Number of protein chains: 2
Amino acid sequence: MKSEKKQGRPRTFDAKAVIGQAREVFWDKGFSAASLDNLSAATKLNRPSLYGAFGDKEELYLDALEGYREESLDVLAEALDPALPLRENLARIYDRALQIYLHGATAARGCFLISTATAEAIQHARVREVLGRSLNEFDGAISERMELAKARGELPADADPATLARLASAVMHSLAVRARAGDTRETLEAIARSGVDIICPLR
Amino acid sequence: MKSEKKQGRPRTFDAKAVIGQAREVFWDKGFSAASLDNLSAATKLNRPSLYGAFGDKEELYLDALEGYREESLDVLAEALDPALPLRENLARIYDRALQIYLHGATAARGCFLISTATAEAIQHARVREVLGRSLNEFDGAISERMELAKARGELPADADPATLARLASAVMHSLAVRARAGDTRETLEAIARSGVDIICPLR
DNA sequence: GAAATTTTATGCGAAATGGTACAAATATTC
DNA sequence: GAATATTTGTACCATTTCGCATAAAATTTC
């Protein structure tokens with residue numbers, strides 16, 4: 001049928017790719033300091049084109065946050081493979097987290113959500129909602145794996161999976177903040193290892 | 001002598017109070033979204049007066065960060081009173097942290113450093129430096145108390161004080177992020193308690 | 001081929017922003 | 001009391017920012 005053909009001039013860009021490029025700008029500068037000119041230059045799209053396709057700056061930022069959230073959930077799901085022991089799951093989560101947090105053309109940039117959405121959360125309710133929902137979803141994914149671990153005897157019988165999941169997330173939040181503040185890879189890796197050790201005392 | 005008397009028109013404000021008022025604005029809006037007009041209105045000072053007394057916007061922000069850092073170190077020192085057991089020290093740190101993170105006229109605003117300086121850290125090297133130095137100082141204060149605790153038998157003989165201090169900080173960083181994201185007091189208090197339990201397994 | 005539709009490109013406008021110039025106000029010093 | 005020094009207040013400036021108007025370009029539909 002003609003459902004793929006649409007009247008009008010065809011787009012010259014892939015929406016997903018543009019959101020990724022915008023994310024790079026927001027990740028470096030934060031939402032408020034990232035100007036439309038910055039975004040225009042990074043995406044190679046003029047401002048009316050950005051507005052036409054993505055709405056205003058906040059909407060583009062929200063799209064970028066949601067994209068990062070989805071990718072993070074994918075990474076989490078992979079690291080939490082139930083075929084692996086829990087210690088390995090946690091080690092993989094932190095390893096992958098550090099890969100993300102320590103990459104960056106100019107400097108280690110930490111977690112996109114924690115580094116940029118926190119600053120905007122009070123003045124922009126929708127940003128706050130995405131931040132809160134994302135953090136809770138990450139907690140939830142880890143908590144499910146913890147429940148399985150408890151049932152398998154990988155955790156002490158009196159362990160509370162939801163609480164341990166939150167502590168495991170706490171280590172990740174701390175890694176995010178520290179990476180952005182400039183801590184070394186060695187320091188961050190040591191924190192990750194000790195996080196695994198303290199959350200999974202059984203070997 | 002005349003050392004207190006200075007030529008020229010006297011100031012109508014107290015510099016420390018103004019830095020505190022500016023901090024409230026920056027805490028809500030972040031650095032980039034806080035305008036000179038916002039700061040002027042909050043401090044009741046005109047822009048030339050702000051410039052004359054504090055330098056440009058970034059310098060005022062740095063003053064606000066340093067003020068918060070000093071106050072935080074004071075709060076930490078008090079909570080880490082060696083006369084108390086380590087568990088009590090940690091419980092007090094998190095209690096005081098939550099008091100700070102959950103206050104705010106409009107909403108819980110988390111930690112001023114973590115909520116606002118992270119967004120600016122990549123583009124403003126001086127902000128990044130203050131953030132990193134502050135986090136390391138907080139770690140250091142807790143680590144000293146951990147060393148004393150180890151010597152006293154409050155921690156297992158094989159415990160590493162510096163590592164435990166960083167995990168204790170991780171809980172604090174997580175509380176900060178979650179408070180700003182809108183988590184409830186009950187959830188945050190539960191995380192704090194479980195943080196104390198996991199870091200101080202001896203009773 | 002003309003009409004309709006969507007996208008891109010150029011230019012513009014109103015408002016906001018960070019910062020400054022200058023005069024008036026307020027104090028000390030001589 | 002005049003000169004000097006510092007602060008406050010008003011007005012202004014150059015630039016940036018976000019968003020829009022309009023025309024041209026590129027496609028589909030009839």
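Residue numbering restarts at 1 for every chain, and letters A, B, ... go by the order of the sequence lines. Values below: every heavy atom of this structure, side chains too, minus hydrogens, waters and symmetry copies. All of these numbers come straight from a predicted model, not from anything done at the bench.
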For the pair B/Glu120 and A/Arg180, find out whether any cationic side-chain nitrogen is under 4.0 Å from an anionic carboxylate oxygen. no

A/Arg145 and A/Glu154 ion-paired at < 4.0 Å: yes

OP1 or OP2 of C/dT28 less than 4.0 angstrom from a side-chain nitrogen or oxygen of B/Lys6, does that happen here?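 Looking at the OP1 and OP2 atoms of C/dT28, neither is under 4.0 Å from any side-chain N or O of B/Lys6.
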
Could you give the [atom1]-to-[atom2] distance, from [X] to [N], as a whole number of Å?
| X | N | atom1 | atom2 | value |
| --- | --- | --- | --- | --- |
| A/Phe54 | C/dT7 | CZ | P | 11 Å |
| A/Asp56 | C/dA15 | CG | C1' | 17 Å |
| A/Glu58 | D/dT17 | CD | P | 18 Å |
| A/Leu36 | C/dA16 | CG | P | 17 Å |

Test salt bridge (Lys or Arg N to Asp or Glu O under 4.0 Å) applied to B/Arg47 - qualifying residues, sequence neighbours left out: B/Asp37

DNA chain D-proximal residues of residues 37-52 of chain A, any heavy atom under 4.0 Å: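 A/Arg47, A/Pro48, A/Tyr51, in order of number.
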
Interface with DNA chain D, restricted to residues 8-16 of chain A and to heavy atoms under 4.0 Å: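 Result for residues 8-16 of chain A: A/Gly8, A/Arg9, A/Pro10, sorted by number.
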
Would B/Ser35 and B/Asn38 count as having a side-chain donor-acceptor pair, cut-off 3.5 Å? yes

Indicate, with a heavy-atom threshold strictly under 4.0 Å, whether B/Ala34 touches base, sugar-phosphate, or nothing.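 Answer is sugar-phosphate: B/Ala34 comes under 4.0 Å of backbone atoms only.
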
When you measure from the centre of the six-membered ring of B/Phe31, is the NZ or CZ of B/Lys57 closer than 6.0 Å and no more than 45° off the axis? yes

Grab the two heavy atoms, one from B/Met146 and one from B/Ile199, that are nearest each other, plus how far apart they are. CE-CG2, 3.8 Å

With nearest nucleotide decided by heavy atoms, which residue, B/Ala53 or B/Gln7, maps closer to the 5′ end of DNA chain D? B/Gln7

Would the distance check show the side chain of A/Tyr94 and the main-chain N or O of A/Ala168 forming a donor-acceptor pair, the cut-off being under 3.5 Å? yes

Any donor-acceptor pair under 3.5 Å from A/Asp28 side chain to A/Val25 backbone: no

